Amino acid sequence: MDPHNGTGAVEFLLLGLSDDPQVQPLLFCLFLSIYLVTITGNLLIILAVSSDPHLHTPMYFFLSALSTADIGLTSTTVPKVIWDIHTQSKILSYAGCLVQFSLLYIFSCLDSAVLAVMAYDRFVAICHPLHYPVIMNPRLCKLLLASVFISILDSQMHCLMISLLTFCAHVEIPHFFCDPPQLLRLACGDTSTDSLLMYAFGAIFGGVPISGILYSYTRIVSSVSRVSSMGGKYKAFSICGSHLAIVCLYYGTGVGVYLSSAVSHSTRNDALISVVYSMVVPMLNPFIYSLRNKELQRAFQKFLSRTT
């Protein structure tokens with residue numbers, strides 16, 4: 001089939017996770033449940049934090065920002081998957097593909113930035129508790145908005161790179177969303193330079209937040225190791241437990257997908273792992289952060305009592 005330059009004639013066929021008709025109802029119920037739980041849980045965190053003056057602190061401001069990014073990340077992919085299963089139509093236009101992975105990169109980068117800032121917040125709270133109100137001031141919290149512009153910049157760079165590729169008229173993507181590594185594999189012509197650029201962008205925009213998180217936790221571990229009492233050590237690590245669990249899940253699966261896509265062609269495994277960082281992690285965030293947080297639990301109860 002003759003290649004086109006991707007100006008409107010190209011259509012992408014998202015193959016999803018399974019072609020078995022008997023599995024489709026199960027996947028529909030699973031993804032719908034994940035989406036509803038994710039939206040409800042993260043929306044409750046945002047409303048509870050905004051309605052309780054006691055939670056107007058940097059830590060909970062960052063938690064609200066993380067919930068906002070998780071809602072955006074999930075809404076970028078899951079509704080399309082649910083609609084495709086319901087209508088049995090997996091066609092996605094060229095413009096729709098560009099919009100989808102642009103939004104995916106924006107919210108993914110925003111997630112990474114918020115996780116890095118939250119790590120720094122815990123570093124200041126544990127290593128410099130007396131200076132915490134001075135360092136973590138509202139002006140510094142507003143700098144988080146800069147990460148939004150950085151996320152948009154990263155997204156547009158990837159979008160420009162993909163828009164310059166040449167595709168055949170109909171392209172089958174063995175994934176449930178438009179994933180740039182998959183698009184590079186399916187493009188016509190030599191894409192080695194584009195692959196290098198994509199992983200270079202990933203190393204820059206993903207490596208900086210990871211480096212910040214590693215630095216923060218290195219200092220935290222060094223500071224806590226000098227604490228003599230076991231109670232003090234347990235209290236310090238309990239502050240970081242929820243955040244560390246999310247970091248391991250998010251980066252462990254996200255980095256694993258892109259590293260495996262660089263060395264192997266197991267596209268079905270990549271799609272399954274992508275479910276974790278794009279759907280499961282945003283769903284688990286409200287549970288992990290509120291499970292042992294009594295302040296957040298009280299805020300939930302106050303908010304629900306006022307609404308009911």
Side-chain angles (χ1 to χ4, degrees), residues 27 29-82 103-104 106-122 125 136 141 144 147-148 151 177 209 213 216-217 237-254 273-308:
L27 292 177
C29 295
L30 177 63
F31 290 140
L32 181 60
S33 301
I34 289 176
Y35 186 64
L36 293 178
V37 172
T38 302
I39 297 298
T40 303
N42 286 286
L43 193 59
L44 277 175
I45 285 182
I46 296 172
L47 294 175
V49 170
S50 61
S51 63
D52 193 337
H54 296 93
L55 300 184
H56 292 175
T57 61
M59 181 179 71
Y60 292 106
F61 170 76
F62 298 141
L63 182 57
S64 297
L66 182 66
S67 295
T68 303
D70 285 338
I71 290 175
L73 181 63
T74 307
S75 299
T76 302
T77 57
V78 181
K80 173 61 178 172
V81 177
I82 296 173
L103 293 175
L104 185 69
I106 289 175
F107 291 115
S108 297
C109 291
L110 186 59
D111 248 340
S112 299
V114 174
L115 289 173
V117 175
M118 292 177 76
Y120 179 74
D121 176 78
R122 278 145 181 75
M136 303 303 297
C141 296
L144 185 63
S147 63
V148 177
S151 302
F177 62 86
I213 293 172
S216 297
Y217 276 105
F237 282 120
S238 64
I239 296 175
C240 307
S242 301
H243 179 262
L244 196 58
I246 294 299
V247 167
C248 292
L249 280 172
Y250 182 78
Y251 282 109
T253 53
I273 299 175
S274 298
V275 172
V276 179
Y277 78 84
S278 64
M279 298 184 190
V280 177
V281 174
M283 180 186 67
L284 293 179
N285 276 352
F287 297 100
I288 293 177
Y289 277 104
S290 62
L291 190 61
R292 298 175 59 186
N293 192 317
K294 294 182 179 180
E295 290 183 347
L296 199 55
Q297 292 175 4
R298 284 194 292 268
F300 283 148
Q301 294 173 359
K302 290 180 181 179
F303 176 76
L304 292 175
S305 64
R306 285 197 296 266
T307 55
T308 56

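What you are looking at is a predicted structure, and each value in this text was computed from that prediction instead of being measured.
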Distance col, row Asp70:CG vs Ile246:CD1, nearest 0.5 angstrom, shows 8.0 Å

Heavy atoms of Phe31 and Val78 approach each other most closely as O-CG1, 3.6 Å

Give me the atom names and distance for the closest heavy-atom approach of Thr74 to Ser278. OG1-O, 3.8 Å

Could you tell me whether the side chain of Val49 reaches within less than 4.5 Å of the side chain of Leu296, counting heavy atoms only? yes

Of the non-hydrogen atoms in Ser112 and Pro209, which two are nearest, and what is the gap between them? O-CB, 3.6 Å

Contact between Asp121 and Val117 at the side-chain level, heavy atoms closer than 4.5 Å - yes or no? no

Compare all side-chain heavy atoms of Leu63 with those of Leu55 and state whether any distance is below 4.5 angstrom. no

What is the minimum heavy-atom distance between Pro282 and Asn42, and which atoms define it? O-ND2, 3.0 Å

If we only count heavy atoms from C-beta on, is the Phe300 to Leu44 side-chain gap below 4.5 Å? yes

Within the structure provided, determine whether Phe107 and Ser75 are in side-chain contact (heavy-atom separation under 4.5 Å). no

Give a yes or no on this: more than 12 heavy atoms of other residues, nucleotides or ligands lie within 6.0 Å of atom NE2 of His54. no

Under the side chain to side chain contact (heavy atoms under 4.5 Å, CB included) rule, what do Phe177 and Lys80 come out as? Steps first, then yes or no, please. CA-CA 8 Å; Phe177 62 86; Lys80 173 61 178 172; over 6 Å; no

Taken to the nearest 0.5 Å, the spacing of Met136 CE from Arg122 CZ works out to 9.5 Å

Would you indicate whether the side-chain heavy atoms of Tyr251 and Ile213 approach each other to under 4.5 Å? yes

Rounded at 0.5 Å granularity, tell me how far OG1 in Thr68 sits from CG in Leu43. 9.0 Å

Nearest atoms (heavy-atom pairs only) where Ile45 meets Ser64: O-OG, 4.4 Å

Sole candidate of Ile288, Leu66, Leu115 that passes side-chain contact (heavy atoms from CB on, under 4.5 Å) when paired with His243: Leu115

Pairwise distance CD1(Ile71) to OG1(Thr38) - rounded to 0.5 angstrom: 9.0 Å

Closest approach of Ser51 and Pro53, non-hydrogen atoms and distance? O-CD, 3.5 Å

Should Ser67 and Asn285 count as side-chain neighbours, where that means a heavy-atom distance under 4.5 Å? no

Is the closest side-chain heavy-atom distance between Tyr35 and Met283 below 4.5 Å? no

